[in-house]
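Report on one structure; see the data block that follows.
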Amino acid sequence: MKYSAKIIAFLFPAFALNASAQSADFETVKNLDIFIAAVNELQNEYVDSLSMGQLVNYALEGIAGSLDPYTEYVPAEQQKDFDFQTTGRYAGIGSLIRRDSSAIIIAGPYRGFPADEQGLVAGDRILEIDGQSVRDFTVERASNMLRGEANTKVKVKVEKLRTGAVENISITRRNIRLPSVTASGMTPDGIGYIRINSFISDGCGIEVRNALKELRAAGELKSLVIDLRGNRGGLLKEAVRVVNLFVPKGITIVTSAGYKSSSRYEYRTAEEPLEPSLPLAVLVDNYSASAAEIVSGAIQDLDRGIIVGTHTYGKGYVQTIRDVGYDARIKFTTAKYYIPSGRCIQAHNFTTRNSSGGVAFIPDSLKKEFKTKNGRIVFDGGGVTPDVPAASDEYSPIAVSLLSKNIIFDYSLLYYKKHLSIAAPEQFDFSDADYDEFVEYLGGKEYDYKTASEQLMNRLVATVRQERYYDNVKNELDKLNEGLKHDKLKDLHINKTELTALLREEIAERYYYEDGRIKSSLRRDRQFDQAREVLLNEIKYGNLLTVVSYGMSN
């Protein structure tokens, strides 16, 4: 069988260069021959024209996708987006955007970056970018035009939210690095709060250190809450640096180990801690993953603080990024990591799949028992289990609808247009009169939803139809269905407290950026309240970190 020399040289230069050394490995040569033959047939005979680049991309994407969710092939044309996802850095104007019917809308400028410095605010409508109308632009196309090389200029025509004036603005793009710490502050009772959004960029540990120093300077810091909810992880070394702020020098925080011995590495704390004894609570949820689990898991294993919230995601894999030529890269899993007790919190075993190709959670029967520094029992194979389980608030159906249709966001723009300033996020109050105006505003808006009762009713009717009882009970079902139909005005009254809080948070962001939204949200945060309650109770806090022994009386 004859193969294209171009194909062989293009696809497998490493194998071509080492053919003699590899010839003894029949299995490798056989499978390589099969692969090249299949690619050759597809390129020559497939019903539609296929380029070699397409086939290589498909092949590598398929290989990566078959291994685990974290292994990824990144061709050259996707490098900018990949860099942003993995480093939090890009060059542009520094703003979120979205679109409406005829323009691109500024959804939220980042504090201190070019869009913000040029006076752009949420609700400003971009009409043109570099002389091109954006009426038919997708958000992606507009974003690509707003991004570019640092120190280059982009011209935008903008209709201002508050004045309605149309202005031509020249903005100098800059390197944008999204902050890791998105909010920090202190409650009146001395509980500090630091929100870490991600660990994806170098300097996260320094940001947390600086935030901690600022809290200490602001008043008597009695205890601290670190918020890792929604934190998808990032750089392992930055997670270690954050833990190092609270535990002594020389402590092994995480060990990585893979198939090859060269992948084994220990990460230890390198400095003396800034706060070696400050009472500490870490907030986590189902979306806290990877580096966020290293921080929370290490704090738990070392009995350095309490973990509050819901079970974490369970990602115990380490990825490496390598160049593979022609500006393409591959990110792939090279090791598992183990936190101080010796456990790995990976929740899935991707080497074992069911008959349909799915991956199941590691069953409880296969989870192993480990012990923390103080002897408390913890388990591997399923994320970090909180010391204080605390469910998060769930949105009502009407709230989900109003959020998903951007109606609460749109109303916040209207409020921002009418009010030049508001009180600080911790004190800002959305009054009953404000809420009445909001309800009136909703009169002309299209939104709908199904309550939990209506969803159950739909399933009941479907089941009754399937079992062919519908004709027998149709009248009763119709009456029940009518009684369960939601009333929007009634639901707006029932869910007033929740909706008022969501409006308050969205409006706070208009004036105080993301920091304002987060600080406002803490006013109705059940998980934060439970962490605060434990931190204010010295005995309860100590008991949670101690092994309870039960003696026998004689």
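Computed from a predicted model, the values in this text were never measured in an experiment.
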Got a donor-acceptor contact below 3.5 angstrom from the [X] side chain to the [Y] backbone?
X    : Y    : value
S66  : G62  : yes
Q54  : S51  : yes
T320 : T334 : no
E293 : I345 : no
Y337 : S290 : yes
S520 : G516 : no
D227 : R229 : yes
D525 : S521 : no
S401 : P397 : no
D491 : K488 : no

Please give me the minimum heavy-atom distance between [X] and [Y], naming the atom from each residue.
X    : Y    : value
T333 : T71  : N-OG1, 3.4 Å
I106 : I97  : CD1-CG2, 4.3 Å
C204 : R177 : N-NH2, 4.0 Å
I422 : A508 : CD1-CA, 4.2 Å
K315 : A289 : CB-CB, 4.5 Å
L502 : R524 : CD2-NH2, 3.3 Å

Contact between [X] and [Y] at the side-chain level, heavy atoms closer than 4.5 Å - yes or no?
X    : Y    : result
P114 : I176 : yes
I105 : I126 : no
I330 : I321 : no
Y73  : N57  : yes
Y317 : K336 : yes
L235 : I200 : no
V439 : L489 : yes
I226 : L283 : no

Is it true that, when you exclude [X] itself, more than 12 heavy atoms of the residues, nucleotides or ligands shown sit nearer than 6.0 Å to its [atom1]?
X    : atom1 : answer
Y447 : OH    : yes
H419 : NE2   : yes
D327 : CG    : no
I206 : CD1   : no
N151 : CG    : no
R526 : CZ    : yes

Item to check | Working for side chain to side chain contact (heavy atoms under 4.5 Å, CB included), residues K496 and D432 | outcome: CA-CA 9 Å; K496 179 178 178 179; D432 290 342; 3.0 Å; yes
Checklist entry - Is there a side chain to side chain donor-acceptor pair (under 3.5 Å) between E498 and S396 once you walk through the steps? => result CA-CA 8 Å; E498 175 194 30; S396 64; 2.6 Å; yes
Checklist entry - Between K519 and E514, does a salt bridge (charged side-chain N to carboxylate O under 4.0 Å, His left out) hold up when you go through it step by step? => result CA-CA 9 Å; K519 287 178 178 176; E514 187 176 1; over 6 Å; no
How long is the span from the [atom1] atom in [X] to the [atom2] atom in [Y], to the nearest 0.5 Å?
X    : Y    : atom1 : atom2 : answer
N495 : Y395 : CG    : OH    : 13.0 Å
R99  : F137 : CZ    : CZ    : 9.5 Å
L55  : L50  : CG    : CG    : 5.0 Å
F438 : Y441 : CZ    : OH    : 8.0 Å
L127 : Q132 : CG    : CD    : 14.0 Å
L178 : F113 : CG    : CZ    : 7.0 Å

Is it true that [X] and [Y] make a salt bridge, defined as a side-chain N closer than 4.0 Å to a carboxylate O?
X    : Y    : value
R125 : D100 : yes
D202 : K237 : yes
R504 : E509 : no

Item to check | Stepwise salt bridge (charged side-chain N to carboxylate O under 4.0 Å, His left out) test for R141 and D136 | outcome: CA-CA 10 Å; R141 184 178 177 188; D136 299 320; over 6 Å; no
Next on the checklist: Would F82 and K331 count as a side chain to side chain contact (heavy atoms under 4.5 Å, CB included) here? Give the steps.
Outcome noted: CA-CA 10 Å; F82 181 75; K331 174 169 72 80; 4.0 Å; yes
Next on the checklist: What verdict does the side chain to side chain contact (heavy atoms under 4.5 Å, CB included) test give for Y435 and L499, after you've listed the backbone C-alpha separation in whole Å, the side-chain angles of each residue and the deciding distance to 0.1 Å?
Outcome noted: CA-CA 9 Å; Y435 191 78; L499 295 175; 3.4 Å; yes
Checklist entry - Taking only residues at least two apart or on different chains, which pairs with a member in residues 148-157 satisfy salt bridge (charged side-chain N to carboxylate O under 4.0 Å, His left out)? => result E128-K157
Checklist entry - With ring centroids as reference points, do Y416 and Y511 lie under 6.0 angstrom apart? => result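 Centroid distance Y416-Y511: below 6.0 Å, so yes.
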Checklist entry - What do the steps show when you test Y415 against E437 for side chain to side chain contact (heavy atoms under 4.5 Å, CB included), and what is the final call? => result CA-CA 10 Å; Y415 191 96; E437 284 188 17; over 6 Å; no
Item to check | Face-on cation placement of R98 at F409 ring, 6.0 Å and 45° thresholds | outcome: yes
Item to check | side chain to side chain donor-acceptor pair (under 3.5 Å) between Y287 and N231, intermediate numbers included | outcome: CA-CA 6 Å; Y287 300 101; N231 186 317; over 6 Å; no
Checklist entry - Does the side chain of S180 pick up a donor-acceptor pair with the side chain of S198 at under 3.5 Å? => result no
Checklist entry - With distance as the sole criterion, is a donor-acceptor pair present between the side chains of R135 and S102 under 3.5 Å? => result no
Item to check | Sole residue of R162, K160, K417 in salt bridge (Lys or Arg N to Asp or Glu O under 4.0 Å) with D124 | outcome: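 Passing option: K160.
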